[in-house]
> 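After the structure tokens below, expect a handful of questions from me.
Naming convention: chains lettered A, B, ... in sequence-line order (proteins, then strands); numbering from 1 in each chain. Just so it is clear, the structure is predicted and the values come from calculations on it, not from any experiment.
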Amino acid sequence: MYYQQQQSHPFLKIVVALPTMVAGCRGILEKGIQIDGLGMKNFLTYESNVLFALRFMIDCNVVGGNWIEVPAGKYRKTSKSLSNCQLEFDCLYSELISHAAEGEFSKMAPFRILSFDIECAGRKGHFPEPTHDPVIQVANLVTLQGEDQPFVRNIMTLNSCSPIVGVDVMSFETEREVLIAWKEFIREVDPDIIIGYNICKFDLPYLIERAATLGIAEFPVLGRIRNSRVRIKDATFSSRQYGTRESKEVTVEGRVQFDLLQVMQRDYKLSSYSLNSVSAHFLSEQKEDVHHSIISDLQNGNAETRRRLAVYCLKDAYLPQRLLDKLMLIYNYVEMARVTGVPLSFLLSRGQSIKVLSQLLRKAKEKNLVIPNVKRAGSEEKYEGATVLEPKAGFYENPIATLDFASLYPSIMMAYNLCYCTLVTPEDVRKLNLPPECVNKTPSGETFVKSNLQKGILPEILEELLTARKRAKADLKKAKDPFEKAVLDGRQLALKISANSVYGFTGATVAQLPCLEISSSVTSYGRQMIEHTKKLVEDKFTMLGGYEHNAEVIYGDTDSVMVQFGVSTVEAAMKLGREAAEYISGTFIKPINLEFEKVYYPYLLISKKRYAGLLWTNPDRFDKMDTKGIETVRRDNCLLVKNLVTECLHKILIDRDVPSAIQFVKNTISDLLMNRMDLSLLVITKGLTKTGDDYEVKAAHVTLAERMRKRDAATAPNVGDRVPYVIVKGAKGAKAFEKSEDPIYVLENNIPIDPQYYLENQISKPLLRIFEPILKNASKELLQGSHTRSISISTPSTGGIMKFAKKQLTCIGCKTLLSNSDQTLCSNCKGREAELYCKSVSQVSELEQIFGRLWTQCQECQGSLHQDVLCTSRDCPIFYRRKKAQKDMAEAKRQLDRWSF
DNA sequence: CACGATACCTAA
DNA sequence: TTAGTTAGGTATCGTG
């Protein structure tokens, strides 16, 4: 920490017998000890907060996912076996040879991967609890990493189960036998990695707690250490990036738990993280979603119904494996472990900073430096971030060129040698009197020495990461073998992410080694650079300077500027863009580089961080429609808004057909108000970011989560979950949080939704923001007119006061109220019986057909055309349509029944 | 009804 | 032995 003129200092290295003693030792030294002749003295400690496993790996030069050689003759068989491993021997740790992940050693190990899923029989209306409810099935798939089919597929069932092709069905008479069989299976298969969906929070703890309830003492020995019991601990993880999440920490020695739910939540921003929704998203494969209350019925049926359950259970074990393969997670995660040096398990259980710290510790060791364990200072400190240039909002119908700094923050840190060990304290600035040519004074006022005096560790780490990335990308181009390609692609991704998170690490005031002098210097250089770029572009590309038009920077954020060169073709904009990038890059120190990347044409700039446009990287045709920040890319909008905005942008930007966009809006509004909208389009989801009491204001999704907790605590959303809801009709002037409701509940109880809310609070503003730059009187054009007057005939409410209201019949022909409930038609419509009867009949048959089609579709999804559909998936549009069709059909049949002759 | 505070999510 | 950063838009709630 800080630039040290003196090349080396004496340090005292303290070695203790057990890892746990490090903390105690550190405490004593920090608090201070009495030394004869010196009095009370306290000490700054160094590297006293490094996790033991990481310490060991760093000292032995071992990284996560790394190959280790135990040289012949350097080990001997253990005298007494302590493990369940296939090979067991003793070896001195210093004899291990750690191989860098290159050549032969970059290959992935043939990990044995177990994917499993359990089913439990909850009591009616309750979510299963391990203290009451039995485990009735466990499905297992075992796959060798790199192979595309599992080599073991089995299901352990309580009670009989009809055979399933290609699956080893193992039936048992008692639950105890099921659990013991699974435990034995684990020992026999000896998996390296255990995967599944939500296994860390549900399946694993459930099995263990259930075994404890049943008193199966031998069950919780699932790891590789003989006689070591699995331990469970409640854990919460909380960070700005990943949010707060409660989970369970299950210790299974020697096997990595790789919960696909955690992977999804960390790596992808989705509106729903149910296995069903995720599978649909990544695998285009739906899965039936059987409500937990039905599972008991299937279990209590016969061998056939249990077989049905088994098929379902197997699919839940199969999908995580498919996701693992499809997203190449093993490659990406192992490469991340190799690049950053942390064990694989840290990547899912810990945050970003441990990865940077691991690299820092390794590099420091190499340089013979030690890292101080600085006190956690006040975390309130803030520093200024990046500049966002004031946007000149509007619809641009000429090409806009985009200039970007490549890896801006890493290159600033490299260019100006910003590091812990190059920072000069204000005191030292005065004392040391360093010559100006040896230091950089940053725009934020800090002083760092240049690399001739001391090369920074951070810049060196960054250089290595970026060079390695370049190499990985080059190798990737040459690679033929798909496995090799996967490894390299995973590696270049890991390298990029790692380089980008170094800056964040220095600014993390609650982390291990904050250094705001570095982070605020980085951003101050960044601010200076974007302003400089804007100025250069506007000064050079002028008519006075011999160009056809005056260039104008219309927007820019952090590391990019959008330039309107005034030219009318994409090609011309690209040419000028390249020229500008090259010219401006020349004015910066290496390795800072401004690149021309792309052209937007046309370009709709709404405000800071919000824009849309067609993106061109070559002049022949556009690559895609690119939207930033607006509703189409946000998860807290209902599909109705997302689809509507996407479709309008498509029509405006691609088709260049504004009238058709307007017509589309009108049709959609009309459909909404006529109650013709699919409920699935109206579902809004928002993340539950804290526990109930911590909220200071009431919000729709929070109050709904509370109400759901009262209905069924076990299935209600938890911290970190996303809560889907719809807004239903309520009292006049009721707040949104009073009108939010669970979509499934709405469907089952036939509660009318509030179309007006969707029109006024969901659709209108986003639309106006898009149309206003394009259309005069946008509000009048879109939101007023006949299409908004078609007031809905809502489905009658069954709850509340409506229970006491008697339903009055209306004329089948014209819907006027009838005084006499025996009547079918009013006096006006008398005489049209034949026509209207035919209409009723055809309505019923039409709806029957629609329903039939949807039903078949669901049957296909569940994989059998001979059985009832049980699926109630909140994430599946077909489910909502099927339910609606069913209701409509029933209503039509009721109408038909009124024609009793 | 205006306005600040809170909450959420995104850009970079 | 818990946590990468700041900037910014928008909706909604609560209060004066």
> Test A:Y409 against every option in A:Y503, A:F505, A:Y525, A:Y416 by the ring pair (Phe, Tyr, Trp, His ring centres under 6.0 Å) rule and name the one that passes.
A:Y503
> Just to be sure I understand the rule, does A:S238 reach a base, reach only the sugar-phosphate, or reach nothing, if contact means heavy atoms closer than 4.0 Å?
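Sugar-phosphate only.
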> Using the side-chain heavy atoms of A:E696, tell me which of these nucleotides is nearest: B:dA7, B:dC9, C:dA3.
B:dA7
> In whole Å, what is the span from the CZ atom of A:R266 to the C1' atom of C:dA3?
11 Å
> Quick one: what's the B/S/- string for nucleotides 5-11 of chain C, heavy-atom cutoff under 4.0 Å, read 5' to 3'?
SBBSBSS
> Taking atom types as modelled, find out whether A:D623 and A:T617 have a side-chain donor-acceptor pair closer than 3.5 angstrom.
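Side chains of A:D623 and A:T617: pair found under 3.5 Å.
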> Can you tell me if A:R722 touches the phosphate of B:dC9, counting only side-chain N or O atoms and a distance under 4.0 Å to OP1 or OP2?
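For B:dC9, OP1/OP2 do have a side-chain N/O of A:R722 under 4.0 Å.
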> With a 4.0 Å cutoff (strictly under), does any side-chain N or O of A:H701 reach OP1 or OP2 of B:dC8?
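Answer is yes, contact under 4.0 Å.
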> What integer distance in Å separates A:Y242:OH from B:dT10:C1'?
16 Å
> Rounded to the Å, how far apart are A:L357 CG and C:dG4 P?
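Spelled out: CG on A:L357 to P on C:dG4 is 11 Å.
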> Check the pair A:E463 / A:M414 against side-chain contact (heavy atoms from CB on, under 4.5 Å), numbers first and verdict last.
CA-CA 7 Å; A:E463 259 159 47; A:M414 289 188 275; 3.6 Å; yes
> Using a 6.0 Å distance limit plus a 45 degree cone around the ring axis, check whether A:R55 lies over the aromatic ring of A:F52.
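No cation-pi geometry.
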> Under 4.0 Å, heavy atoms only, any strand: does A:S501 hit a base, just the sugar-phosphate, or nothing?
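Result for A:S501 = nothing.
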> Just checking, A:K690 and A:Y695: is the charged tip under 6.0 Å from the six-membered ring centre and within 45° of the axis?
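Cation-pi check for A:K690 and A:Y695: passes.
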> Could you tell me how the ring of A:Y611 sits relative to the ring of A:Y555: parallel (under 30°), tilted (30 to 60°) or perpendicular (over 60°)?
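The rings of A:Y611 and A:Y555 stand perpendicular, inter-plane angle above 60°.
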> Using a 4.0 Å heavy-atom cut-off across all strands, classify A:K735 as base, sugar-phosphate, or nothing.
sugar-phosphate
> Contact class for A:S349 vs. all strands (heavy atom < 4.0 Å): base, sugar-phosphate, or nothing?
nothing
> Quick one: A:D626 CG to B:dA11 C1', roughly how many Å, whole number?
12 Å
> What does A:V702 touch in the nucleic acid at a heavy-atom separation under 4.0 angstrom: a base, only the sugar-phosphate, or nothing?
nothing
> Looking for any heavy atom pair under 4.0 Å, which part of the strands does A:Y611 touch: base, sugar-phosphate only, or nothing?
sugar-phosphate
> Can you tell me how far P of C:dT2 sits from CD of A:E246, to the nearest Å?
15 Å
> NA contact type, A:A699, heavy-atom cut-off 4.0 Å: base, sugar-phosphate, or nothing?
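Counting heavy atoms under 4.0 Å across all strands, no contact is made by A:A699.
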> Please report the distance, rounded to the nearest Å, between CZ in A:F237 and C1' in C:dG4.
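Answer to the nearest Å: 10 Å.
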> Do the numbers put A:R266 on top of the ring of A:F237, so that NZ or CZ is under 6.0 Å from the six-membered ring centre and no more than 45° off the axis?
yes
> In whole angstrom, give me the gap between the P atoms of C:dG4 and B:dA12.
22 Å
> Under 4.0 Å, heavy atoms only, any strand: does A:R26 hit a base, just the sugar-phosphate, or nothing?
base
> Starting the side chain at C-beta, find the nucleotide from B:dC8, B:dA12, C:dA3 nearest to A:D559.
B:dA12
> What is the base-pairing partner of B:dC8, counting Watson-Crick and G-U wobble geometry with both distances under 3.5 Å?
C:dG9
> What do you reckon, is NZ of A:K363 surrounded by more than 12 foreign heavy atoms closer than 6.0 Å?
yes
